[in-house]
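Start at 1 with the first residue, then count along the sequence.
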Amino acid sequence: MSLPAQEGVKIKPIPPNPLPYDLLLRHGHLLDDRNHIDGLRDIAIKDGKVAAVAAHLDPAKALKTIDVKGLYVTPGLIDLHTHVFTGTGERGSYAGDLSVYPDGFTFRNGVTTIVDAGSSGWKNFDDFKAKIIDRSKTRVLAELNIVGSGMRGPLFENNIDDMDGQLTGEKAKQFPGVIVGIKSAHFTGPEWKPYDQAVIAGNIANLPVMIDYGVRRIERPLIELVSTHLRPGDIYTHCFSGLRGEQNPVTGLASESLLVMRKRGIYCDVGHGGGSFSWTVAAPIVRSGYLPDSISTDLHVDSMNSSMKDILNVADKFLALGETIPQVIAQMTSHPAHEIEQEQLGNLSVGSMADVAVLSVERGNFGFVDMYDTKMMGTRKLVCELTVRNGKVVYDLNGISSDMWNATKHSSDDRLARHWTTFNERPFGATHGRLFPQSTPVGQPAPAK
């Protein structure tokens with residue numbers, strides 16, 4: 001996604017790339033749950049789309065080739081639960097200072113798509129779209145809060161008079177493919193209205209509903225919510241918090257509510273956050289075989305600096321609980337894409353959007369912390385090495401896409417670099433340097449002096 005140039009600044013058009021591919025990722029271990037691929041594959045990209053996937057692709061056909069041997073190559077990760085409606089100046093609000101700008105927290109973790117989980121409602125979604133969605137390089141989707149004013153604190157979120165399923169649903173229909181769900185969150189009252197109005201909105205816009213069940217109330221037990229109020233295809237987030245009846249108090253395993261959710265096809269989303277993941281809840285439930293459908297962060301200014309940290313740290317916790325790397329990758333790619341009915345995302349099928357994460361696995365002794373500041377030790381940690389968004393490198397931890405500083409020639413024609421990277425292959429002023437007096441394609445004689 002390119003950003004508009006400053007007024008009066010002209011950007012030279014990129015000369016066309018005559019080769020079949022712009023970018024080739026070679027020798028990586030591809031994990032693509034949607035296409036049932038778990039093995040060595042090369043991935044070729046052209047014009048922002050996946051052009052070819054095969055065991056061996058010819059590097060001579062690519063403008064730029066990156067060797068990712070020993071690394072996992074996955075679809076760009078999807079974070080199903082975040083809060084990024086910032087920039088309003090409102091204190092103590094997820095439609096303000098508690099949210100974060102997405103681009104600083106996505107690409108460095110392999111995330112190319114996020115879903116803002118209800119920070120805005122029908123009254124302020126346009127402001128959110130203008131401030132964040134339209135300006136971000138990250139693909140930002142949204143769940144619309146059933147509260148018209150959005151997630152602005154208890155005075156707003158407990159106002160049942162501002163919960164209108166009809167107006168919310170109609171607003172959602174105006175932005176298909178951008179608004180991908182309806183959200184109810186943080187409600188402390190005894191009424192069913194927030195959840196029933198959210199379902200009304202979901203039915204009008206044909207969208208799933210995500211529920212953060214707020215404060216536990218005996219008047220609206222979780223079992224009743226998932227048995228009679230929610231629909232198959234809706235999403236229950238914070239499913240390992242243990243705060244609202246997710247755990248059987250006798251056995252420590254999944255409660256009847258979680259079992260009913262699975263039976264009815266209601267999705268279990270992690271939504272880790274700063275206060276919604278407990279080892280004493282997650283460990284017995286996950287080890288018994290009840291796995292989350294999706295791994296998400298509930299990213300905001302508090303969670304990212306406390307126990308949650310980032311989506312890969314959350315995934316590491318499920319590795320520590322016994323899940324496999326292919327399982328956690330599926331829970332961050334094809335599964336969330338399916339939950340929000342955006343099946344074009346979360347896969348690397350030929351013709352799909354070229355959003356890619358390249359991950360390494362560090363081995364050692366690592367401590368992973370929960371909401372109660374207790375830790376479990378693990379031996380594996382996922383690290384993002386490279387992120388490709390819309391066919392171009394947007395993050396590169398160790399410079400695997402870069403030439404050595406003292407190389408005497410480029411590994412690709414730097415005049416065409418904008419086909420495959422967002423970075424400057426030649427820094428400003430380097431055109432006058434000793435090593436690169438003039439752009440010379442690899443394999444071609446230097447121009448006559």
Side-chain angles (χ1 to χ4, degrees), residues 1-4 23 32-34 43 45 47-50 73-87 99-120 125-144 172 174-181 183 207-208 210 235 269 294-300 310-312 329-349 351-359 384 386-395 420-422:
M1 178 179 179
S2 60
L3 298 179
L23 179 62
D32 185 346
D33 176 69
R34 171 76 179 275
I43 308 289
I45 295 167
D47 297 331
K49 301 293 181 65
V50 176
V73 178
T74 80
L77 306 185
I78 301 170
D79 193 344
L80 192 63
H81 186 156
T82 69
H83 294 287
V84 295
F85 183 13
T86 193
S99 283
V100 299
Y101 287 104
D103 292 346
F105 305 94
T106 50
F107 297 149
R108 62 183 51 247
N109 294 301
V111 175
T112 55
T113 301
I114 60 170
V115 181
D116 180 272
S119 303
S120 67
F125 174 77
D126 290 333
D127 187 42
F128 173 45
K129 185 173 184 296
K131 281 187 169 70
I132 303 297
I133 295 176
D134 295 344
R135 301 185 187 188
S136 300
K137 294 179 181 179
T138 309
R139 180 185 295 105
V140 180
L141 308 177
E143 293 165 344
L144 203 61
Q174 295 175 19
F175 298 93
V178 177
I179 296 178
V180 296
K183 177 76 180 293
L207 293 174
M210 176 184 277
I235 305 164
D269 175 62
S294 52
I295 290 174
S296 68
T297 60
D298 186 11
L299 173 71
H300 51 78
D310 57 55
I311 196 168
L312 294 180
I329 296 302
Q331 291 161 355
M332 297 184 289
T333 55
S334 63
H335 289 195
H338 179 70
E339 290 177 41
I340 58 173
E341 301 173 355
Q342 300 296 309
E343 303 284 4
Q344 77 278 11
L345 304 177
N347 67 85
L348 289 173
S349 305
S352 68
M353 185 71 69
D355 289 353
V356 186
V358 179
L359 309 174
C384 178
L386 185 83
T387 304
V388 175
R389 168 75 171 103
N390 198 22
K392 298 181 181 182
V393 175
V394 291
Y395 178 77
W420 63 268
T421 184
T422 59

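- Side chain of R34 to backbone of L348: no donor-acceptor contact under 3.5 angstrom is found.
- Proximity of a side-chain donor or acceptor of D116 to a complementary backbone N or O of A142 within less than 3.5 Å is not detected.
- Residues V388 and W420 are not in side-chain contact: their nearest non-hydrogen atoms beyond the backbone lie 4.5 Å or more apart.
- Listed here is the closest heavy atom pair of C384 and L359: CA-CD2, 3.7 Å.
- For P208 against E339, the heavy-atom pair with the smallest separation is CG-O, 3.5 Å.
- Looking at D33, its side chain never comes within 3.5 Å of a backbone N or O of H335 through a donor-acceptor pair.
- In this structure, F105 and D310 have side chains that are not in contact, with every pair of non-hydrogen atoms separated by 4.5 Å or more.
- With sequence neighbours excluded, the residues satisfying side chain to side chain contact (heavy atoms under 4.5 Å, CB included) with T112 are D355, T387, R389.
- With a 4.5 Å cut-off on side-chain heavy atoms, V140 and F85 do not count as touching.
- Side-chain contact annotation: D269 with S294, donor-acceptor N/O pair under 3.5 Å present.
- Contact detail for T297 and L299: the closest heavy-atom pair is OG1-N, 3.0 Å.
- Minimum heavy-atom separation, A172 to L207: CB-CD1, 3.8 Å.
- The main-chain N or O of I311 is never found under 3.5 Å from a side-chain atom of N109 such that the two would form a donor-acceptor pair.
- Looking at V50 and S352, their side chains come closer than 4.5 Å, going by heavy atoms from C-beta outward.
- Between atom CG of residue D134 and atom CZ of residue F128 there is a gap of 10.0 Å, rounded to the nearest 0.5 Å.
- No more than 12 heavy atoms of other residues, nucleotides or ligands shown are found within 6.0 angstrom of NE2 on H338.
- The two atoms that bring T86 and V100 nearest to each other are CG2-C, 3.8 Å, heavy atoms only.
- When all heavy atoms of L80 and V115 are compared, the closest pair comes out as O-CB, 3.4 Å.
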Test R139 against L141 for side-chain contact (heavy atoms from CB on, under 4.5 Å), laying out the working first.
-> CA-CA 7 Å; R139 180 185 295 105; L141 308 177; 4.1 Å; yes
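- Not a single donor-acceptor pair under 3.5 Å links the side chain of K183 to the backbone N or O of E143.
- For the atom pair Q174 CD and K129 NZ, the distance stands at 11.0 Å (nearest 0.5 Å).
- For the pair S120/D127, no side-chain contact is recorded, criterion being any heavy-atom separation below 4.5 Å from C-beta on.
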So F107 and T422, side-chain contact (heavy atoms from CB on, under 4.5 Å) or not? Walk me through it.
-> CA-CA 12 Å; F107 297 149; T422 59; over 6 Å; no
